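Below you'll find the structure, written out as structure tokens, and then a few comments.
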Amino acid sequence: MKIPKAYDPNKKEGKIYKLWEKTGYFNPDNLPENHKDPFSILMPPPNANGSLHIGHSLFITLQDIMTRYNRMKGKKALWLPGADHAGFETQIVFEQKLEKEGKSRLDMEREEFYEKVWDYTQKNREVVKDQIKKMGASCDWSRDTFTLDEKIVETTHNTFKKMADEGLIYRKKRLVNYCTNHQTAFSDLEVEHVRRKTPLYYIKYGPFILATTRPETKFGDTAIAVHPEDRKYRKYVGKEIRIKTLLGEKKIKVIQDEAVDREFGTGAIKVTPAHSEVDYEIWQRHKDEMPDPIEAIDKDGKMTDVTGPYAGMSVEKARKKVVQDLKKKDLLQRIDEEYEHNLSVCYKCGKKIEPILMKQWFIDIKPLAEPAIEAVKSGKIKIIPDNYKKVYLHWMENIKDWNISRQNWWGIEIPAWKCQNCSTEDDEKWVITAGKKPKKCPQCEENNLERDGDVFDTWFSSGQWPFATLLNESDLEQYYPTSVMETAYDILFFWVARMIMLSLYKTEKIPFKTVYLHGLVRDENRDKMSKSKGNVINPIEIAEEYGTDALRMSLIVGNLPGKDVVISENEIKGYRNYVNKIWNMFRFLMFRCEDYEPGKNPKLSNKDKKLIDEFNEKAEEVTSHIENFEFSHAAEKIYHYSWHRFADEIIEESKPILDDKNKKAGRQEVLITIFTGILKLAHPFIPFVTEEIYQKMPLEDKKETLMIEEWPI
RNA sequence: GGGCGGUUAGCUCAGCGGCAGAGCAUCUCGCUUACAUCGAGAGGGUCGUGGGUUCGAAUCCUACACCGCCCACCA
């Protein structure tokens, strides 16, 4: 057998993956009969709107390690892959693409746009699929699921209908986070807060001086609020006072509310329920003392008609003008330019989020949160690392109703129709179905129904991923609840928390037993990788240059749960060397064991036996690390043992022994046994090179693939 | 404002009560028929700071400093 000096991953990996696919063992239904107990992981579906990045490689590697390990352990291992339509995100990516071509979504009908995005995602899906394969993922492609597959859409609709029937869905005009740039509302999670310096304006309101950063919202003022214990304003409380405004005189009531901070500004604030979260809540508490909210800003971020001469102006322009005019009319006391506060911005475009009153669909979330809290508190769901348990519980215990409607085109449409006959402005009559358009309104019995048009927050459907993907009965029975949910810590609330709530609600079972959270991948300078910084490591290019196995090792060693992982090309190069080292151990063995016959069981010396025992001890350690989700330690141990113990010492010591006719056979047996053991232990981490070698090893009872070999110990 | 994590060799990080560790990088020597993508060897650390517990502290407690992250309605 002629064996090249260096292992060339690029030449081999594609072929090896094809071999694995050919065996069919990625699909647990095809595994040999002795694989009984199920093990299941659902892949967090990568977005079908771009290509694989290093973060994907990380989770693919972690999940593949768990899957391959459990498969070798004799489990009926299922790793179910998928792709995410990623509603809002994809719409933006696609709109940017259109913009580059000089086109816009608004030039076409909604159906046409939808079809185009559909085609786009389907193409991308194929690209991503090939890239996942390139990473060596041993997932079951026969169960590959797209988040817009019929069964997922149906499930989503069903859940919505069930919730609506049980009174957990409501549609209400409420203050929502609205991005005037993207023209959609968001849930609280899509809003980011940035620290900004904003001028704080002190405006005269009759006898009051009120501090605000947003003078342009003054047209929406419906009260002045002071703290209940603040004595200095006591004489005004409960009274309507007359004030001079830019639009003439106005009467406004003074109320008391705990939410007012006496230290802020002058201790009295203007209440603008239509454009501020705090103020909205004050209004909720004082409805009988205050008029209805006045909307001064519309969905386009323009001033409304109630603002008189300012109507139609953008918020920014209006603010400048209002400040100017206040000065002119001597209504501005002073400006504090040094004021710093938190500004809400869109997580995607970074532009200011405008809180405005809108009708949206909400989930009454508390009833869902309670069992989700219990599941984690009781330990039925274990979170690794465990400090995230606290983070999860804190969020869950303070959860707010979830706005699930988005004003986008790309996504799953909300199955709700409004009866045009029965609805009034204040009292809308909606018909909610499990997907199909209703024939008539149950009230007026006529068909004058109009679809809502909004789509679901993508996380509402992905939150149902665990049971939606396993819908056929035998899968649900065997693989649900799944064994592990492996994902990044930054989507703990977005996704993991929602999966727990929605799964418990719909199936009355936990969706997974363990949540393993990994960190973000950073460059040598600990910077987050981003295209604009130019520090991205493209996993596909790296895999082509150094091999997927090397990339996988570098992603795993030094990577602890919940912590960010730093990788560099230099490090990857180091693991490329390691992979080659393994290759050369194999080369040495083949060179010196040409006359080795498997299955002969030669007599072993005491020293030989000791070496085997030593390996078994190592294998036990590695196994226990994997069982405890300590993949970094497991990989490091295999690395260290195979290189610095097996190659540096055992092989070196064996050289003279292999020259000794009497001891040779026993030593060959030992070396081959231990090395085969190393291949097995290392397989989940570096599947390609180990498989390539395994295929060429002279072994008794050799399996079709190392993938289904028995785990040592 | 609340919470979490971190601070150990040049870099990335283990170790978490008993002689300071690994990988990468650096330096020296070596192309010896497995491998120069290699081998043999070397240098390099008051374990963030102060206090405490202990026979013994990188490890436990406590205060502080700095870095990072998350949550939060401070207008």
Side-chain angles (χ1 to χ4, degrees), chain A residues 3-9 175 188-189 191-193 198 200-201 210-215 217 221 225 257 259-272 275-282 339-344 355 385-395 397-400 489-490 492-493 519-520 522-526 528 546-547 550 553-554 557-560 562-593 630 632-633 635-637 639-640 643-644 647-648 651-652 654-655 671:
Chain A
I3 306 167
K5 274 187 171 186
Y7 170 68
D8 183 354
L175 200 68
D188 295 336
L189 283 177
V191 179
E192 279 180 4
H193 302 276
T198 325
L200 184 63
Y201 304 93
L210 305 184
T212 180
T213 55
R214 302 205 58 190
T217 63
D221 296 346
D257 195 279
V260 180
D261 179 356
R262 296 163 67 176
E263 305 302 314
F264 173 78
T266 56
I269 60 165
K270 64 194 209 57
V271 185
T272 320
H275 301 291
S276 151
E277 184 70 32
V278 198
D279 297 6
Y280 181 80
E281 282 169 18
I282 291 177
Y339 185 67
E340 250 189 54
H341 75 136
N342 278 335
L343 201 63
S344 300
D386 62 3
N387 56 303
Y388 276 93
K389 182 175 171 176
K390 247 193 199 170
V391 178
Y392 167 90
L393 288 174
H394 180 260
W395 185 78
E397 278 157 6
N398 295 289
I399 199 165
K400 285 195 192 162
Y489 66 70
D490 61 347
L492 178 63
F493 306 142
L520 307 174
R522 294 174 184 274
D523 73 2
E524 298 128 293
N525 305 319
R526 299 211 110 264
K528 218 166 160 174
Y546 299 107
M553 275 302 274
S554 72
V557 177
N559 179 359
L560 272 79
K563 286 191 180 169
D564 292 350
V565 55
V566 174
I567 70 162
S568 63
E569 192 158 339
N570 221 351
E571 194 191 346
I572 297 165
K573 208 187 269 178
Y575 290 112
R576 186 267 319 259
N577 296 353
Y578 171 63
V579 167
N580 193 56
K581 183 75 186 180
I582 297 221
W583 178 255
N584 275 287
M585 295 175 205
F586 161 66
R587 197 160 167 259
F588 171 82
L589 290 189
M590 293 307 95
F591 192 64
R592 302 299 302 269
C593 300
E630 296 160 350
S632 172
H633 293 160
E636 223 178 319
K637 261 193 185 142
Y639 177 98
H640 203 265
W643 196 327
H644 300 302
D648 289 352
I651 285 186
E652 289 307 320
S654 299
K655 283 178 179 171
L671 291 177

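Only heavy atoms go into these numbers, but all of them, side chains included; no hydrogens, no water, no symmetry mates. Naming convention: chains lettered A, B, ... in sequence-line order (proteins, then strands); numbering from 1 in each chain. Note that the structure is a prediction, hence the values are computed from the model and not measured.
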Identify whether any heavy atom of A:Lys390 sits under 4.0 Å from a base atom; if not, whether one sits that close to sugar-phosphate; answer base, sugar-phosphate or nothing.
sugar-phosphate
Whole Å only: how far is the CG atom of A:Leu343 from the P atom of B:C73?
14 Å
Rounded interatomic separation in angstrom, taking CD from A:Glu281 and P from B:A72:
12 Å
For atom CD of A:Glu263, is the number of surrounding heavy atoms from other residues, nucleotides or ligands below 6.0 Å larger than 12?
no
Need one value for A:Ser276: base, sugar-phosphate or nothing, where a base atom within 4.0 Å counts as base even if backbone is also close, heavy atoms only.
nothing
Mind checking the P distance from B:A40 to B:U8? Whole angstroms is fine.
30 Å
Phosphate-side-chain proximity, A:Lys563 and B:A14, N/O vs OP1/OP2 below 4.0 Å:
yes
Between B:G41 and B:C24, how many Å separate the two P atoms, rounded to a whole number?
15 Å
Hits for ring pair (Phe, Tyr, Trp, His ring centres under 6.0 Å) against A:Tyr489, two or more places apart or cross-chain, chain-then-number order -> A:Tyr388
Whole-angstrom distance between B:U62 and B:G3, as gauged at atom P
14 Å
Counting the atoms with a prime plus P, OP1 and OP2 as sugar-phosphate, which does A:Phe493 contact under 4.0 Å by heavy atoms, base, sugar-phosphate, or nothing?
sugar-phosphate
If we take the C1' atom in both B:C61 and B:U53, what is their distance in whole Å?
7 Å
Would you mind telling me which residue lines up with the more 5' stretch of RNA chain B, A:Ser632 or A:His640, judged by nearest nucleotide?
A:Ser632
Atom C1', compared across B:C47 and B:G2: separation rounded to whole Å:
31 Å
To the nearest Å, give me how far apart OH (A:Tyr392) and C1' (B:C70) are.
17 Å
Could you tell me whether the side chain of A:Asn342 has a donor or acceptor atom within less than 3.5 Å of a complementary atom in the base of B:A72?
yes
Whole-Å C1' distance, B:G43 and B:C60
34 Å
Atom-to-atom span, CG of A:Leu492 to P of B:C70 - whole angstrom
13 Å
Any chance you could list the contact pattern along nucleotides 32-45 of chain B? Use B for base contacts, S for sugar-phosphate-only contacts and - for none, protein heavy atoms under 4.0 Å, 5' to 3'.
-SBB-BSS------
Heavy atoms, side chains only, cut-off 4.5 Å: are A:Tyr575 and A:Tyr639 in contact?
yes
Over 12 foreign heavy atoms within 6.0 Å of NZ, A:Lys573:
no
Base, sugar-phosphate, or nothing for A:Tyr339, non-hydrogen atoms under 4.0 angstrom?
sugar-phosphate
In this structure, CE of A:Met553 is separated from CD1 of A:Ile567 (nearest 0.5 Å) by 13.5 Å
Which atoms form the tightest heavy-atom contact between A:Ile269 and A:Asp279, and what is the distance?
CD1-OD1, 4.3 Å
Indicate yes or no: at least one non-hydrogen side-chain atom of A:His394 is less than 4.5 angstrom from one of A:Lys390.
no
A:Asn580 and A:Lys5 have their tightest heavy-atom pair at OD1-O, 4.0 Å
What is the separation between atom CD1 on A:Ile399 and atom P on B:C71, rounded to the nearest whole Å?
13 Å
Under 4.0 Å, counting only non-hydrogen atoms across every strand here, what does A:Glu636 touch: a base, just sugar-phosphate, or nothing?
sugar-phosphate
Go through RNA chain B and write down every stem, that is, every run of at least three consecutive Watson-Crick or G-U wobble pairs with distances under 3.5 Å, as range with range.
B:1-7 with B:65-71, B:10-13 with B:21-24, B:26-30 with B:38-42, B:48-52 with B:60-64
The nucleotide from B:C24, B:G5, B:C71 with an atom nearest the side chain of A:Tyr639 is B:C24
Check whether any side-chain heavy atom of A:Trp395 lies under 4.5 Å from a side-chain heavy atom of A:Leu189, and answer yes or no.
yes
Whole angstrom value for the distance that separates C1' of B:A72 from CG of A:Asp261:
14 Å
Could you state the NE2-P distance from A:His193 to B:C69, rounded to the nearest angstrom?
15 Å
Spacing of the C1' atoms in B:C31 and B:A36 (rounded, Å):
7 Å
Should A:Glu192 and A:Ser344 count as side-chain neighbours, where that means a heavy-atom distance under 4.5 Å?
no
Taking the P atom in each of B:A9 and B:G48, what is the distance between them to the nearest angstrom?
9 Å
Measure OH/A:Tyr388 against C1'/B:G3 and give the value in whole Å, please.
12 Å
First of A:Asp564 and A:Val278 reached from the 5' end of RNA chain B, by closest nucleotide:
A:Asp564
Closest non-hydrogen atoms of A:Ser632 and A:Gly558, given as atom of the first, atom of the second and distance, are OG-N, 2.8 Å
